[in-house]
Structures are given as C-alpha cells and as structure tokens.
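Sending over a structure as structure tokens; questions will come in a sec.
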Amino acid sequence: MKTLRLRWAAAALAVSLAAPSVSASARTLVVGVDDNLTLLDPADINDTLSQSATRLIYQGLYGFDAAMHLEPLLAESFEVNGDATVYTFHLRKGVTFHDGTAFDAQAVKINVDRVANPDNRLKRQSMLSTVDHTEVVDPSTVRIYLKRPFGALVNTMAHAATFMISPAALEKYGHDIGRHPVGTGPYRFKSWAGDTLETVRNDHYWKAGLPKVDGVTFKSVPENGSRVAMLKAGEAQLIFPVPPELVPVIANDKTLQLDKAPSIVVRFVSLNIAKKPFDDVRVRQALNYAIDKTAYCKVVYSGFCTPADTPLPVPLKFSVSQGVWPYDPAKAKALLAEAGYTKGFESEIVARNNSTFIRGMQFIQQQLAEIGVKLTVTPLEAGVEAQRIWGVEKPADSTVLMNFNGWSSSTGDADWALRPLFWSKGFPPKLFNAAYYKNDAVDAALEAGIGTADDDKRAVAYKTAQDLIWKDAPWIFLGVDQIISAKSKSLSGAVVLPDRSLNFEQALFRD
C-alpha cells in the first residue's frame with residue numbers, strides 16, 4: 001500500500017493555540033447577518049450562513065485556516081492508499097462532546113454512516129455517497145472504505161456536512177437534532193428563536209485557552225441599513241456582509257474597521273432548462289449577452305466584484321478563464337429572434353429577500369427589459385426559497401424558472417465547485433443543479449475529475465467541463481464577490497473565509 005501522511009508539528013500547533021498576550025474582556029460577541037438560519041443539523045443544510053452557525057458548535061476531522069488551507073481538528077493525521085479508495089484517520093484523544101459523550105472512532109463511524117446512508121434523506125448525503133463502509137480499527141483510529149476512487153475525501157471531511165455530532169444526542173433527538181445541536185466546538189448551544197441564535201462558551205474545549213469570549217450570538221437582519229445601524233450603535237460587534245453601497249459610512253467611523261478580501265463566491269442566475277424557453281441554448285446565450293457584467297458589479301456590489309469569466313473561480317485549483325461573456329444587446333435580440341422569441345417573453349426571478357439580492361434581481365430585470373424579456377421579481381424568505389428550490393422530487397415539479405444565487409466550494413476543491421451544480425445526477429433535492437442541466441460530456445468530465453487523485457488528469461477533466469459549461473450557458477454568469485465585513489476595532493480573531501464561512505473560535509475583545 002502506498003501511504004501518504006499529513007502531519008503537523010506539535011510545536012507549531014502549540015504556538016497556534018497559545019493565548020494572546022493582550023488583556024481581554026470576555027463578553028458575548030453579537031454578529032449581524034443578512035439572512036435567516038434554516039437549520040442546525042450540518043448534514044441537512046444547504047446554505048453557507050447556517051453552516052457558519054453550526055461551525056460555532058461543531059467540528060470535523062479536518063477544517064480550514066483563514067486561507068482555506070486544510071488543518072487537522074478532530075483528526076491528527078491521515079493515510080490513503082494508492083488508488084484513493086481507503087482512508088485511515090488517526091483521531092485526537094481526550095476530546096468530549098458538550099454532553100460529556102466521548103469523541104472516538106465509534107462516534108466517527110456513527111456520523112459518517114448517518115450521512116452516507118441515503119435512507120436518512122439528508123441534504124448532504126451526496127458528499128459521502130462514495131462511502132462503502134466504515135471500520136473502527138481501535139478507539140482512536142477509523143478507516144473509511146470507498147466504492148470508487150475519490151481524491152477529495154479529506155477536503156470533504158473539512159466541510160460542515162461531516163461535522164461530528166454527539167451519538168448520544170443523535171439517539172435522544174433523532175430528526176430534531178437540527179434544533180438541539182451537540183458538538184465538540186468552542187461554543188455550546190443555548191437557544192434559537194426567531195431571528196436569534198445564542199451560544200455560550202464551552203469551558204471544556206480541547207484547545208487550551210480558547211474560546212476567549214463568553215459566547216456568540218447571531219442576529220438575522222436582512223435589511224442592509226439596519227445591519228449597519230446595529231454595528232454603529234454597538235448592538236453588534238461584527239456584521240457580514242457589509243452592504244457595498246454603505247462602505248463609506250463604515251470607513252468614516254473611527255471606531256470601526258472595514259475588512260476586504262477576495263472570495264471564491266460566484267454569483268449567477270440559474271436557468272431552468274427543463275422548462276421553456278430556457279430549454280433552447282440560444283435563449284440562454286442571449287441572456288448572457290444581455291447583461292453588462294461590469295455594470296452589474298458597479299450597481300449591485302458598488303465595484304466590490306469582478307465579472308465572472310469561468311464557473312470555477314480563481315484561486316481554486318484547475319480554474320481556466322473562458323473570457324467574460326461580452327455585453328451585446330443586439331446579439332442577444334438576434335439570438336432570441338432566431339429561437340422564435342422576436343418579442344421576448346415573460347418569466348419570474350426569485351432570490352432571498354435581503355437588500356443586496358433584491359437589488360441584484362432588479363438590475364437583471366432592467367437589463368433584460370432592454371431585449372424584451374419581462375421579469376417578475378420575487379424576494380423570498382430563506383426557508384421559503386430553500387423549499388421552492390430543494391423541496392422538489394423531479395424537474396417537472398419545479399416552479400423556479402430563474403434563481404439569483406451564489407455558490408462557493410466549501411471543500412476548497414474544484415469538485416465541489418462544479419459537480420453539485422452541473423452534474424445531471426445532481427438535480428434537487430439530491431444536489432444543487434437547479435438549472436436541471438444535462439450534458440453527457442460534462443458528466444463524464446466531472447466523474448473523471450473526482451475519480452482520480454492525479455492532478456494532471458484532474459486538470460484535463462476540469463478544463464473540458466468548464467469549456468462545455470460556458471458554451472451551454474445553463475446560468476447567466478455574473479460576477480465573483482469581494483468579501484466585505486466590518487467590526488468594532490476592539491474585536492480581533494474573527495475570520496471570514498474565502499467561501500463566506502465565518503469562524504469565531506479565536507474571537508477576542510481587547511480592552
């Protein structure tokens with residue numbers, strides 16, 4: 001067996017966990033966010049914000065640092081055989097769940113098997129669909145056997161879907177675990193009601209000296225101005241995202257700090273190609289020509305955005321630029337006429353009801369009106385949107401024709417940036433191909449990309465997939481976000497990752 005090991009020096013880990021040398025006042029951190037949470041079962045949620053909330057409470061075998069590089073958490077190292085079908089994880093000892101249950105190999109097996117079992121109908125089952133079986137080698141060693149090669153398993157074990165839940169809590173709460181989360185993370189669940197999630201410090205956290213605040217509270221505030229007002233009034237110490245149009249208001253406040261960073265978040269409008277008129281590639285290409293991507297970035301994101309030139313954004317490995325779809329309304333009208341829509345058509349566009357998404361839909365509505373396409377803009381509460389998109393069993397049942405949304409690869413790997421969205425076996429509710437896009441050559445390329453750990457072979461596969469997807473245009477490709485967050489200058493250690501995940505493990509208030 002060919003063996004690969006990923007180990008971090010104990011000394012380096014000790015340094016990373018050392019307590020800050022500044023004095024700090026331990027108080028609750030309040031975070032203002034733009035949408036409502038949907039659930040707190042990490043294996044049964046689709047949105048990044050709810051994943052961030054579970055990150056307070058739960059952990060996986062691996063995680064990501066601020067740059068989305070893999071780091072060990074509940075596992076200390078792993079080994080994989082030569083064809084990437086058997087992974088052995090060596091677990092951290094002495095860790096307990098919040099309810100006192102021991103974290104060990106049996107707990108890992110219970111969690112992996114739970115997610116992998118399609119009978120459980122968990123939204124994230126597909127992430128572990130390659131698992132054949134899980135073996136407890138000893139209390140601190142677990143081995144995962146796969147049905148076929150899967151080169152991104154360790155990255156997958158860093159995704160929220162594979163966070164470890166207390167086996168005792170799973171037994172006690174069953175399907176209601178999403179309202180009673182019990183993990184090993186830095187904060188323990190206190191309550192979740194309406195727009196507010198409260199957590200408190202885990203005094204028995206396995207990382208010495210952490211956490212440094214009494215707890216973290218999420219408050220859902222979809223209206224942009226209200227979220228900024230909370231921050232300025234001190235009712236929140238961090239808000240995310242910052243509405244781009246209000247950046248100057250925050251930048252001029254000497255008590256606040258504005259943080260900007262690149263992201264891997266692609267914005268798009270998915271087009272339901274199972275329904276007319278989007279079943280015609282000429283219509284889909286016309287809509288891409290009809291949107292001025294530079295204007296989109298300026299109007300919707302106040303310039304904190306770059307036009308999308310590939311479905312797999314930099315800095316993800318294997319990204320290949322396709323060139324931005326040019327703004328050409330005349331070409332768009334000609335394609336519509338060729339497809340039989342000389343006078344355009346009517347449709348509906350839906351998205352979550354936060355201010356930025358509403359502005360995005362209105363911008364698209366105005367642009368498409370120039371080529372005779374009349375859109376009805378429908379903002380939806382996060383849970384309602386999720387039900388309309390993911391609560392369907394087959395394409396014919398879908399009532400969503402156009403969806404303004406975003407995606408980031410929360411595994412940090414190219415596979416999760418493409419396969420959930422463009423693989424024909426990934427229609428809702430199994431995965432996130434809400435365009436109901438099907439191209440046999442794309443399917444073959446995506447399957448080849450994940451079926452090997454050889455980077456050269458993966459590069460070829462993902463280039464093929466990107467080339468074909470771009471021409472088929474199952475989306476209106478819009479832009480890639482720049483991440484903008486704002487916080488009180490007294491707060492440090494709060495991290496927004498490139499996929500928009502939030503991490504408050506090392507949050508600290510400075511006196």
Side-chain angles (χ1 to χ4, degrees), residues 29-35 47-49 51-53 55 64-68 216 218-268 293-308 313-316 351-363 382 404-410 478-504 507:
L29 165 61
V30 178
V31 181
V33 296
D34 63 341
D35 284 310
D47 60 297
T48 303
L49 178 58
Q51 290 174 13
S52 293
R55 196 180 301 276
F64 296 109
D65 64 15
M68 288 200 73
V216 178
F218 274 28
K219 285 189 174 292
S220 300
V221 187
E223 203 285 313
N224 284 346
S226 299
R227 206 160 57 253
V228 172
M230 281 182 62
L231 181 67
K232 290 179 68 66
E235 296 171 5
Q237 293 76 48
L238 184 144
I239 62 170
F240 179 74
V242 169
E245 71 277 10
L246 295 179
V247 163
V249 175
I250 294 171
N252 291 331
D253 190 323
K254 294 181 179 180
T255 68
L256 303 178
Q257 178 177 319
L258 192 70
D259 292 325
K260 294 175 283 186
S263 85
I264 57 171
V265 181
V266 178
R267 296 292 175 193
F268 57 87
K293 314 306 187 300
T294 300
Y296 160 82
C297 283
K298 289 180 179 178
V299 172
V300 181
Y301 285 94
S302 300
F304 296 100
C305 162
T306 56
V314 175
L316 290 174
R352 292 189 296 279
N353 63 346
N354 64 67
S355 300
T356 301
F357 275 30
I358 292 172
R359 185 166 62 248
M361 289 192 291
Q362 291 171 340
F363 173 83
F404 176 58
N405 217 318
W407 183 267
S408 60
S409 176
S410 294
L478 295 172
V480 180
D481 291 6
Q482 186 174 16
I483 288 176
I484 318 170
S485 60
K487 63 187 180 184
S488 165
K489 285 187 175 178
S490 66
L491 176 67
S492 65
V495 176
V496 183
L497 277 67
D499 70 340
R500 290 171 52 95
S501 294
L502 308 173
N503 190 322
F504 301 114

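Small disclaimer: the values here were computed from a predicted structure and weren't measured.
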Would you indicate whether the side-chain heavy atoms of Leu246 and Arg227 approach each other to under 4.5 Å?
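No, side chains not in contact.
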Evaluate the side-chain proximity of Ser490 to Gln237: yes if any heavy-atom separation is below 4.5 Å, no if none is.
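Side chain of Gln237 against side chain of Ser490, heavy atoms only: no contact under 4.5 Å found.
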Do Cys297 and Pro307 come within less than 4.5 Å of each other through their side chains, counting heavy atoms only?
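Cys297 reaches Pro307 side chain to side chain.
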Is there side-chain contact between Cys305 and Lys293, with heavy atoms separated by less than 4.5 Å?
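A side-chain contact is absent here, since even the closest heavy-atom pair is not under 4.5 Å.
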Return the set of residues passing salt bridge (Lys or Arg N to Asp or Glu O under 4.0 Å) with Asp34 (not counting sequence neighbours), or none when no residue passes.
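So Asp34 forms no salt bridge (Lys or Arg N to Asp or Glu O under 4.0 Å) with any residue.
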Step by step, work out the side chain to side chain contact (heavy atoms under 4.5 Å, CB included) result for Ile239 and Ile250.
CA-CA 11 Å; Ile239 62 170; Ile250 294 171; 4.3 Å; yes
What closest approach, in Å, do Ala66 and Pro498 show between heavy atoms, and which atom pair accounts for it?
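Answer, listing the atom of Ala66 first, then Pro498: O-CD, 3.4 Å.
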Once salt bridge (Lys or Arg N to Asp or Glu O under 4.0 Å) is applied, do any residues pair with Arg352, and if so which ones, sequence neighbours excluded?
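Per chain and number, Arg352 pairs via salt bridge (Lys or Arg N to Asp or Glu O under 4.0 Å) with Asp35, Glu385.
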Between Ser263 and Pro315, which heavy-atom pair has the shortest distance, and what is it?
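So the two residues come closest at O-CD, 4.3 Å.
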Check Val314 against Ile264 and note the closest heavy-atom contact, atom names and distance.
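Distance-wise, the nearest heavy atoms are O-CG2, 4.3 Å.
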With side chain to side chain contact (heavy atoms under 4.5 Å, CB included) as the criterion, how do Phe240 and Ile483 come out once you've worked through the C-alpha distance, each side chain's angles and the decisive distance to 0.1 Å?
CA-CA 9 Å; Phe240 179 74; Ile483 288 176; 3.6 Å; yes
If you round to the nearest 0.5 Å, how far is CG of Leu29 from CG of Leu238?
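Going from the CG atom of Leu238 to the CG atom of Leu29 covers 6.5 Å.
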Does the side chain to side chain donor-acceptor pair (under 3.5 Å) test come out yes or no for Arg267 and Tyr296, once each step is laid out?
CA-CA 11 Å; Arg267 296 292 175 193; Tyr296 160 82; 5.2 Å; no
Compare all side-chain heavy atoms of Leu256 with those of Leu231 and state whether any distance is below 4.5 angstrom.
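Side-chain contact under 4.5 Å: yes.
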Is a salt bridge present between Glu245 and Arg359, judged by a nitrogen-to-oxygen distance below 4.0 Å?
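Yes, charged N to carboxylate O under 4.0 Å.
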Shortest non-hydrogen separation from Val221 to Ser226 and the atoms involved
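The pair with the smallest heavy-atom distance is CG1-CB, 3.6 Å.
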State the CZ-CZ distance between Phe404 and Phe357, to the nearest 0.5 angstrom.
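Going from CZ on Phe404 over to CZ on Phe357, the span is 5.5 Å.
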Can you find a pair of side-chain heavy atoms, one from Arg55 and one from Leu502, that are under 4.5 Å apart?
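Side chain of Arg55 against side chain of Leu502, heavy atoms only: no contact under 4.5 Å found.
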So, Thr48 side chain and Arg500 main chain: donor-acceptor pair closer than 3.5 Å or not?
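Flag not set: sc Thr48 to bb Arg500 has no pair under 3.5 Å.
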Could you please spell out the steps behind the side chain to side chain contact (heavy atoms under 4.5 Å, CB included) verdict for Asp499 and Ser409?
CA-CA 7 Å; Asp499 70 340; Ser409 176; over 6 Å; no
For residues Val495 and Leu497, report the shortest heavy-atom separation together with the two atoms involved.
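That would be CG1-CD1, 3.6 Å.
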Restricting to salt bridge (Lys or Arg N to Asp or Glu O under 4.0 Å), what partner residues turn up for Lys260, sequence neighbours left out?
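Counting only residues at least two positions away or on another chain, Lys260 forms no salt bridge (Lys or Arg N to Asp or Glu O under 4.0 Å).
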Are Pro244 and Gln482 close enough that some pair of their side-chain heavy atoms sits under 4.5 Å apart?
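No, too far: nothing below the 4.5 Å cut-off.
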A side-chain contact here means heavy atoms from C-beta on lying under 4.5 Å apart; do Phe304 and Val242 qualify?
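In short, these two side chains do not touch, never coming nearer than 4.5 Å.
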Decide yes or no on side chain to side chain contact (heavy atoms under 4.5 Å, CB included) for Ile484 and Tyr301, but give the supporting numbers first.
CA-CA 10 Å; Ile484 318 170; Tyr301 285 94; over 6 Å; no
Would you compute the distance between atom NZ of Lys489 and atom CG of Leu258 and round it to the nearest 0.5 angstrom?
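Between atom NZ of Lys489 and atom CG of Leu258 there are 10.5 Å.
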